[in-house]
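Worksheet for the structure shown next.
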Amino acid sequence: MKSQATMICCLMLFLATECSHYRSKVHIKDGDKLQYLEGRLKTGRIQEKCQGPCISASNCSQPCAQHFRGEIGFTCHQDKWQKSTETCTSLSVETLFKDFNTAARLSLAASSIPVHILDFRAPEPVESVAQGIRRHCPIDYACILDVVKSSEATSGNIAFIVELLRNISTDLSDNVTQEKMKTYSEVANHILDTAAISNWAFIPDKSTSSDLLQSVNLFARQLHVHNDSENLVDELFIQAKGLRINHNTPEKKFSFSTSMNGTTEGLLGMIEIPRQELWKLPPNASQAISIAFPTLGAILKEVHLQNMSLPRPVNGLVLSVILPEGLKQVLFTFEKINKSRNARAQCVGWHSRKRRWDENACETTLEITNKVKCLCNYTNMVMSFSILMSPRSIDNKVLDYITCIGLSISIFSLILCLIIEAVVWSRVVVTEISYMRHVCIVNIAVSLLIANVWFIINSNFHKKAQGSNWCVALTFFSHFFYLSLFFWMFFKALLIIYGILVVFRRMMKSRMMAIGFAIGYGCPLVIAGTTVAVTVPEKGYMRPDACWLNWDNTKALLAFAIPALVIVAVNLVVVLVVAVNTQRPSIGSSKSQDLAIIMRISKNVAILTPLLGLTWGFGVATLVEGTSLIFHIIFALLNAFQGFFILLFGTIMDHKIRDALRMRMSSLKGRSRAAENASLSPTNGSKLMNR
C-alpha cells in the first residue's frame, strides 16, 4: 500500500512537471509577453558586432541569441564590421516533433491503465524527418506545419526548412496527394515571404535557393491530378495549378496573377502548351502542372557568381512547368515588374545542374513595354523560366538597324581607304611627318576594320562560344584591336602636337616608327594580356551573357574604359590647341576673312573629331542610368559610321591625296591611250596583215 502511494505521488509529480513545462511554452504572462516578443524580434542578432580592430578583409564571428544554435559571421569592409553569414537556427528534427512526444506521454499517464503497469520510458527518438512524418502525420504532413510557421525566418532556419523540403521530396514523394502538396507549399511559402528575402543573402551555401526550386519541382512531379483543371495551391508566395491533357486536347493555358510586395495589383503570367506539342502525346490521358513564384526571382543566386549580388535582376514571375515525356516547347507570357522603356528583357530558363540562368533555353518572340512573350525548350534540367532585365542596356530596333547598316558601310569605307592609301602612297609620303601621318591613318583603318569584323563575329557566335576558350579569344581580340584603335589615334594626336611645337628639329623616321608601333600595338597588348592573366583564373574575364569584358564581378571592363576615356580627353585638348593655333585674323581684317578663319577652324575640328576618336565621348552619356534614347542613337550613329568618317575626312578631303589620285588617273589614261594608239599604228597594221 505504501509503495502504491509512493508511485501515485511520483505520477502526480511527473504530471505537474510536464504540464508546467508545456504551459511555459504556450502561455506567456502579460508581464513577460513584451519581453518575449522583443526577444523573438532580435533573434539571430547580437547586441554588439565584433569588438576587435576592423582590418580590411578580416573576419570574426559572434554567437547567436539565446535559444538559437549557430553563429553570425562578420567581415570588415570600409573600416566597418558588416554581417556576411548567419547560421542561427531554432529548428531541429527534435523540435519538429517534440510536442507530439510530450502529448503522447501525457496521454499515456492520464489513461485508465493501472498504475503498476505504466511504462515511463521516453518515446523512441525521431532520427529523421521522414521517420517522424511517417509516425505522426503520414496523410498530410500537418504535424510539422505549426512549428515551422511559428519559427522566425532567420538564415539558419531558412536553410533548415529548405533541407526539410528537400528530404521530403526525396524520401516521401511516393504517393503525393493534393493535401500533401498544400502543406508542402505552406512550408515553402513561409520562407518565400517578402520579409524573409533579405535573410537569404546570409546563408553560407549559395545553392540553397536553387535547391528549394528543384525540390518543389521534384515534389510536384509526383502529384496526381484527378480533375480536368485544378487549383492545387493558392498561397501568397506560391501558386500551383494542374490540368489533364491528351493528344486531342485543344491548346491549354495556365494563367497566374500574384501579388508583389503586398500590393493589390497582381503580377500576371501565362503558360501555353502549343497544339502541335499536344499532338505528340499518347492517346491515354496525361497531366501538366505549373507553379508560380512571385518572390523567388529576387532570391535565386547564380552559384558561379559567388559573393556577388544577382547581376541580372529577374523582372517577372518565376514559372515552373512539369510536363509529360515528349513535350519540348512551351510558350510563356511574362508581365514586367520594371516597365521602364529602356529595360531590355531576356527570356531565360533556370538550369538546375549548372545553377544559373540559361539564355539558350529560350528565345524572345515578342516584347512590348509591359510584357514579354518567350518560346522555351523544356527539359528535365530546365523546368523553370523567367525574364531578366538589364537597366543599362537598350534593346531598340532603331539601334540594331543603325549598327548593322553603319558597320557595313564602315567596313566598305575602310577597305576603300586602304586601297586609296596603297594607290597614292609613293606620291604623298614625301616628308617624315607626312609619312607618319599616313602610317597612322593606315593603322587606324586596319585596327578599326579588324575590330569591326571581330564585333560581327562576336554578335553572331557569342552564344555558341559562351563559356569556352573561343569566347576568351573573341573577348581578347576585340579588346586588343579596339585599344589599338585608340592608341593609334593617340599617337596621331602626339604627331599633331609635335608638328605644331617642333619646327626646326625633326626626329628620324625609324625612331618615329618604333615609337608609333610601341604605342599603337605594344600598349594594347600589355593591357589586354594583363587583363586576361589577372581575371581568367578568377573566372571574371567575360560577362556571363556575352563574350566581352566583365563588369559585375572583376570590373575588367575598366581595362578598356579607362584608357579609351583618357585618350579621348587628351585628344580633345589637342583639338582645342589646333583650333587656338589656327591663323588669327590680322588687325583690320574684313568680315570675309573672319568668316574664312571660322570655316578653317570648323574644318579642322570636323576632320580631327573622327580621326582622334572624339565621337566616343558620347559613350559617357550612355553609361548614366535613365539616359534618353536620343543619346544612344547619336552614339550609335557616330561610331557605327566611324569608318566612313575616316574615309571622308582622313582621305577624300585631303587635297594632296586628291591631287595624287588625279595624277594617278591621268597617268593610267595616258598609258591606255598610248597602248591604243600603238595598236592602231600602220606598223602594227602591216604586221597583222603579214601574219
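Numbers here are sequence positions counted from 1. Atoms considered below: every heavy atom in the structure, side chains included; atoms not considered: hydrogens, waters and symmetry mates.
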**Report entry** Distance-minimising heavy-atom pair for Y141 and L172
**Finding:** OH-O, 2.9 Å
Query raised in the report: Quick one: NZ on K149 to CD1 on I161, what's the gap to the nearest 0.5 Å?
Result: 11.5 Å
Query raised in the report: Mind checking whether F385 and I271 have side chains closer than 4.5 Å, heavy atoms only?
Result: no
Requested in this report: If the plane angle is over 60° it's perpendicular, under 30° parallel, otherwise tilted; pick one for H224 and H226.
Outcome: tilted
Query - 4.5 Å side-chain heavy-atom contact, V216 and I238 - result: yes
Query raised in the report: Ignoring hydrogens and geometry, is there a side-chain-to-backbone donor-acceptor pair from N189 to F237 under 3.5 Å?
Result: yes
Query raised in the report: Between the side chains of T208 and W200, is a donor N or O closer than 3.5 angstrom to an acceptor N or O?
Result: no
Requested in this report: Please examine the side chains of I299 and F293, heavy atoms only from C-beta on, and report whether any two atoms are closer than 4.5 Å.
Outcome: no
**Report entry** Whether T154 side chain and T89 backbone form a donor-acceptor pair below 3.5 Å
**Finding:** no
Query raised in the report: Of the non-hydrogen atoms in K80 and C54, which two are nearest, and what is the gap between them?
Result: N-SG, 3.4 Å
Query - Identified side-chain contact (heavy atoms from CB on, under 4.5 Å) counterpart of P294 within the set L267, L317, L192 - result: L317
**Report entry** Least distance between heavy atoms, I158 atom then A153 atom
**Finding:** CD1-O, 3.7 Å
Query raised in the report: Should R166 and E163 count as an ion pair when the cut-off is N to O under 4.0 Å?
Result: yes
Report task. Spell out, as yes or no, whether a donor-acceptor pair under 3.5 Å connects the side chain of Q287 to the backbone of V225. Result -> yes
Query raised in the report: Is S255 reaching over with its side chain to a backbone N or O of M270, donor-acceptor style, under 3.5 angstrom?
Result: no
Requested in this report: Answer yes or no: is there a donor N or O on one side and an acceptor on the other, between the side chain of T95 and the main chain of S92, under 3.5 Å?
Outcome: yes
Report task. Under the side-chain hydrogen bond (donor to acceptor under 3.5 Å, both in side chains) rule, collect the residues that match up with S84, sequence neighbours excluded. Result -> T75
**Report entry** Side chain to side chain, N157 and V148, heavy atoms closer than 4.5 Å
**Finding:** no
Query raised in the report: Should the ring pair Y184 and F219 be called parallel, tilted or perpendicular, given that the plane angle runs from 0 to 90° and is split at 30 and 60?
Result: parallel
Requested in this report: Could you tell me whether the side chain of K182 reaches within less than 4.5 Å of the side chain of L232, counting heavy atoms only?
Outcome: no
Report task. Starting from the C-alpha separation in whole Å, work towards a yes-or-no answer on disulfide bond (SG atoms under 2.5 Å apart) for C374 and C362. Result -> CA-CA 6 Å; C374 310; C362 299; 5.8 Å; no
Query raised in the report: In Å and rounded to the nearest 0.5 Å, what is the NZ to OG distance from K354 to S210?
Result: 13.0 Å
Query raised in the report: Quick one: side chain to side chain contact (heavy atoms under 4.5 Å, CB included) partners of T531, sequence neighbours excluded?
Result: H479, I527, T535, Y541, L549, A556, A559
Query raised in the report: Short question: side chain of R69, backbone of L91 - any donor-acceptor pair under 3.5 Å?
Result: yes
Query raised in the report: So do F332 and I387 actually touch side chain to side chain, heavy atoms under 4.5 Å?
Result: no
**Report entry** Side-chain donor or acceptor of T87 paired with backbone N/O of G70 under 3.5 Å
**Finding:** no
Query - Sidechain-backbone polar pair: E235 side chain, S185 backbone, donor-acceptor under 3.5 Å - result: no
Query - For R221, all residues meeting side chain to side chain contact (heavy atoms under 4.5 Å, CB included), sequence neighbours excluded - result: I322, Y378, N380, M383
Query raised in the report: Just by modelled atom types, is the D140 backbone N or O under 3.5 Å from a matching donor or acceptor in the T183 side chain?
Result: yes
Query raised in the report: Do other residues, nucleotides or ligands put more than 12 heavy atoms under 6.0 Å from I139 CD1?
Result: no
Requested in this report: Please examine the side chains of I144 and E186, heavy atoms only from C-beta on, and report whether any two atoms are closer than 4.5 Å.
Outcome: no
Query - Minimum heavy-atom distance S155-F202, with the two atoms named - result: OG-CB, 3.4 Å
Query raised in the report: Nearest heavy-atom pair of Q178 and L223: which atoms, and what distance?
Result: N-CD1, 3.8 Å
Requested in this report: Indicate, with yes or no, whether the SG-to-SG separation of C471 and C547 is under 2.5 Å.
Outcome: yes
Query raised in the report: Under 3.5 Å, side chain of K206 to main-chain N/O of L300, donor-acceptor pair present?
Result: no
Query raised in the report: Within a strict 4.5 Å, meaning less than it, do heavy atoms of the N231 and K241 side chains meet?
Result: yes
**Report entry** Heavy-atom closest contact (F97 atom, H136 atom, distance)
**Finding:** CD2-CD2, 3.6 Å
